[in-house]
Amino acid sequence: MKVADVMSTAVEFIGGNAPVKEAAELMGELDVGALPVGAPDALEGIVTDRDLLFRVIAAGLDPNATLVRDVASRSMISCRETDELQVAMDLMAANHVRRLPVTDDRGSVAGWVTLADISRKLLVDSRGLQDALSEITEAGRVEG
């Protein structure tokens, strides 16, 4: 299975010059935990809800005056849409991240793949896993 089979192609970007308050509002509207910073052909970083929590709120910074680029994570690990899904999972595990930008053959961001996307796909495609989860759920109902 390829990354392209699982990734989301609806990706909202936020500009690096935007205040972090705007990033937090957009994350809330989209119900996501991270946003890529920049543009598809010029990815500057990724800002996560954890970045906002620890680098802004815990640090006592003003979310209206602090820019996204000042708190975004700049080390960006990405995968390609043509990579096997296992490559994305290995990158996530090795780098302790739950989401990756997905690039096309020109290096532009073509999508976004998350651990939730992968889990959902694997669950839907795995009858054995579905049966095991069903057994656990049923056992919990009998015992509880």
Side-chain angles (χ1 to χ4, degrees), residues 1-130 132-137 139-141 144:
M1 184 179 319
K2 302 288 184 190
V3 170
D5 299 326
V6 177
M7 72 182 198
S8 170
T9 57
V11 180
E12 289 281 337
F13 288 80
I14 187 130
N17 288 328
V20 295
K21 182 178 188 293
E22 190 177 312
E25 291 169 347
L26 184 56
M27 284 182 197
E29 288 171 23
L30 299 173
D31 193 25
V32 297
L35 294 168
V37 180
D41 58 345
L43 187 63
E44 297 175 33
I46 296 171
V47 65
T48 68
D49 48 7
R50 289 178 55 89
D51 292 332
L52 299 181
L53 178 64
F54 292 113
R55 296 177 182 166
V56 180
I57 303 304
L61 300 177
D62 179 355
N64 291 302
T66 306
L67 300 180
V68 169
R69 76 165 32 102
D70 295 334
V71 298
S73 299
R74 297 208 184 266
S75 94
M76 293 168 292
I77 293 91
S78 64
C79 60
R80 297 180 59 125
E81 52 190 350
T82 55
D83 286 341
E84 292 294 327
L85 192 53
Q86 187 64 50
V87 170
M89 293 188 313
D90 290 345
L91 285 169
M92 287 177 177
N95 293 283
H96 307 288
V97 296
R98 296 179 302 205
R99 56 192 66 88
L100 293 172
V102 180
T103 58
D104 59 21
D105 51 356
R106 296 179 324 243
S108 292
V109 176
W112 192 250
V113 64
T114 67
L115 190 54
D117 296 330
I118 294 169
S119 299
R120 201 170 12 261
K121 180 67 174 170
L122 294 177
L123 180 60
V124 167
D125 288 353
S126 173
R127 187 72 213 152
L129 184 55
Q130 289 176 17
L133 288 173
S134 180
E135 285 179 33
I136 291 168
T137 303
R141 287 187 189 146

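The basis for the numbers below is simple: all heavy atoms, side chains too, and nothing from hydrogens, waters or symmetry mates. Model, not experiment: these values are computed from the prediction.
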D117 side chain vs V113 backbone, donor-acceptor pair below 3.5 Å: no
Separation of C79 SG from L91 CG (nearest 0.5 Å): 6.5 Å
Distance (rounded to the nearest 0.5 Å) between I14 CD1 and E25 CD: 9.0 Å
Closest heavy-atom pair and its distance - A23, L35: O-CD1, 3.7 Å
side-chain hydrogen bond (donor to acceptor under 3.5 Å, both in side chains) pairs, two or more places apart, involving residues 31-44: E44-R69
Those residues that, when tested against R99, pass salt bridge (Lys or Arg N to Asp or Glu O under 4.0 Å) (two or more places apart): none
side-chain contact (heavy atoms from CB on, under 4.5 Å) partners for N64, two or more places apart: K21, D62
Residues forming a salt bridge (Lys or Arg N to Asp or Glu O under 4.0 Å) with D104, sequence neighbours excluded: R106
Heavy-atom check, side chain of W112 versus side chain of V32, under 4.5 Å: no
Closest non-hydrogen atom pair, T114 against M92: C-CE, 3.8 Å
Listed pairs under 3.5 Å, donor-acceptor, residues 51-59 side chains, sequence neighbours left out:
residue	atom	partner	partner atom	Å
D51	OD1	R55	NH1	3.3
D51	OD1	S73	OG	3.3
D51	OD2	T48	N	2.9
D51	OD2	T48	OG1	3.2
D51	OD2	S73	OG	3.3
R55	NH1	V71	O	2.7

Between CG on residue L85 and CG on residue D5, distance to nearest 0.5 Å: 8.0 Å
For the student: nearest non-hydrogen atoms of P36 and L43, plus distance: CB-CD1, 3.6 Å
Heavy-atom pair of closest approach, residues V37 and G15: CG1-C, 4.1 Å
Pair listing, salt bridge (Lys or Arg N to Asp or Glu O under 4.0 Å) test, anchored in residues 80-94, at least two apart: K2-E84
Atom pair CD (E22) and CD (E29), whose distance is rounded to the nearest 0.5 Å: 9.5 Å
